[in-house]
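Source: prediction; values computed, not measured. Residue numbers count from 1 along this sequence. Counting convention: from 1, in listed order, for ligands and their atoms alike.
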Amino acid sequence: MSEIYNFSAGPAALPKSVLRQIQEELLEYGNAKASVMEISHRGVDFMQVAQKAEQDLRELMNIPNNYKVLFLQGGASAQFSMVPINLLRGKTKASYVNTGHWSVKAIAEAQRYCEVNICTDSTANKFTDIEDFANWNIDQDSAYLHYTSNETIAGLEFDFIPEVDMPIVADMSSTILSREIDVSKFGVIYAGAQKNIGMAGATVVIVREDLIGDVVPKQPILFDYATQANNNSMYNTPSTFPWYAAGRVFEWLKEQGGIKAIEAINERKASKLYATIDSSDFYSNPVNPKYRSWMNVPFILADDSLDKLFLEKSYNANLLALKGHKSVGGMRASIYNSMPESGVDTLIEFMADFEKQHG
Ligand SMILES: *Cc1c(COP(=O)(O)O)cnc(C)c1O
């Protein structure tokens with residue numbers, strides 16, 4: 001049987017070797033005489049898991065010492081609330097970039113807490129392009145600027161960091177760890193684990209220390225970054241298993257040579273897939289090539305009556321979860337860090353073959 005490649009947008013595939021390692025140590029973790037799922041988060045065994053994961057992430061992303069790393073629950077969506085709660089700091093306005101589905105969600109939640117200034121809006125181009133930064137309308141009284149560095153559904157990804165005189169907050173759920181980024185440029189970076197970090201159930205938040213500790217009053221205590229930071233993300237029981245799994249993925253990433261090495265592979269994977277799409281009239285991708293996502297590659301078949309057959313045949317060829325999001329249609333190949341280059345090569349071969357038969 002040929003190898004199975006899973007192109008799911010999230011929860012997404014994990015590296016096979018990580019899954020095997022988790023399987024091997026599932027029943028008894030180290031010297032704990034119990035599964036990592038069954039031990040106290042405050043015991044010595046899990047504390048080591050937690051600290052090693054944080055330390056490896058700090059190393060991988062080169063996170064400066066004046067940033068806290070939190071492992072929280074509630075997904076990226078909880079950060080849509082926690083960001084205004086923690087970052088408004090007495091101000092009444094925040095600036096948001098609208099480049100897609102997840103931006104819209106973040107904006108809607110922020111509007112419950114403050115006046116939201118939409119400084120640029122890609123709605124009119126159906127989230128296929130980003131307006132020239134020079135033309136953005138940034139409100140200087142904003143407490144912060146929020147953007148979604150990779151829009152997972154439309155496959156629209158920033159290739160730059162906005163230059164502004166206020167803290168920058170980025171939803172990096174589907175792009176964190178895929179390429180090098182300068183953490184020091186950000187006030188807050190957050191990412192749900194189920195795309196590029198590990199399994200669903202944990203959210204990584206990287207927050208600059210001086211932005212912690214001045215929250216909108218009367219909000220849930222768990223939503224205060226200070227509560228989480230002062231208790232090493234263990235004010236209450238954290239999601240221990242996803243935290244552990246993330247740690248295993250970080251170790252795997254270090255074995256791959258770190259972010260610089262994986263970045264080169266990611267760029268290669270994405271560019272050959274886009275080249276295949278662009279070289280045919282049978283497939284297309286509408287995103288401005290400058291802002292095409294390296295992680296999520298949507299593509300449309302010229303004849304959408306073939307969609308069903310494409311999905312059926314690809315599934316039978318062990319290429320899973322290629323159905324596009326309903327708002328975009330067609331297909332979407334999510335090619336996160338854990339997707340080996342051979343998976344992209346196999347998809348490209350399948351696409352050429354399918355075009356030959358049905359084009
Ligand atoms: C998946 C995703 C989310 C939602 O994450 P949850 O963990 O389900 O809350 C938010 N933003 C982006 C960019 C995503 O890809």
Considering only NZ, NE, NH1 and NH2 on the basic side and carboxylate oxygens on the acidic side, decide whether Asp159 and Lys290 come within less than 4.0 Å. yes

Using the ring of each side chain (for Trp, its six-membered ring), is Trp136 parallel, tilted or perpendicular to Phe133, with breaks at 30° and 60°? perpendicular

Given Tyr67, which of Leu211, Ile206, Val205 fulfils the side chain to side chain contact (heavy atoms under 4.5 Å, CB included) condition? Ile206

Do Ser81 and Glu109 have side-chain N/O donor and acceptor atoms under 3.5 Å apart? yes

Can you tell me how the ring of Phe310 sits relative to the ring of Phe350, calling it parallel under 30°, perpendicular over 60° and tilted otherwise? perpendicular

Protein residues near ligand 1, heavy-atom distance below 4.0 Å? Gly75, Ala76, Ser77, Phe80, Trp102, Thr148, Asn150, Thr152, Asp171, Ser173, Ser174, Gln194, Lys195

Think Lys52 forms a cation-pi with Trp243, using NZ or CZ under 6.0 Å from the six-ring centre and within 45 degrees of its axis? no

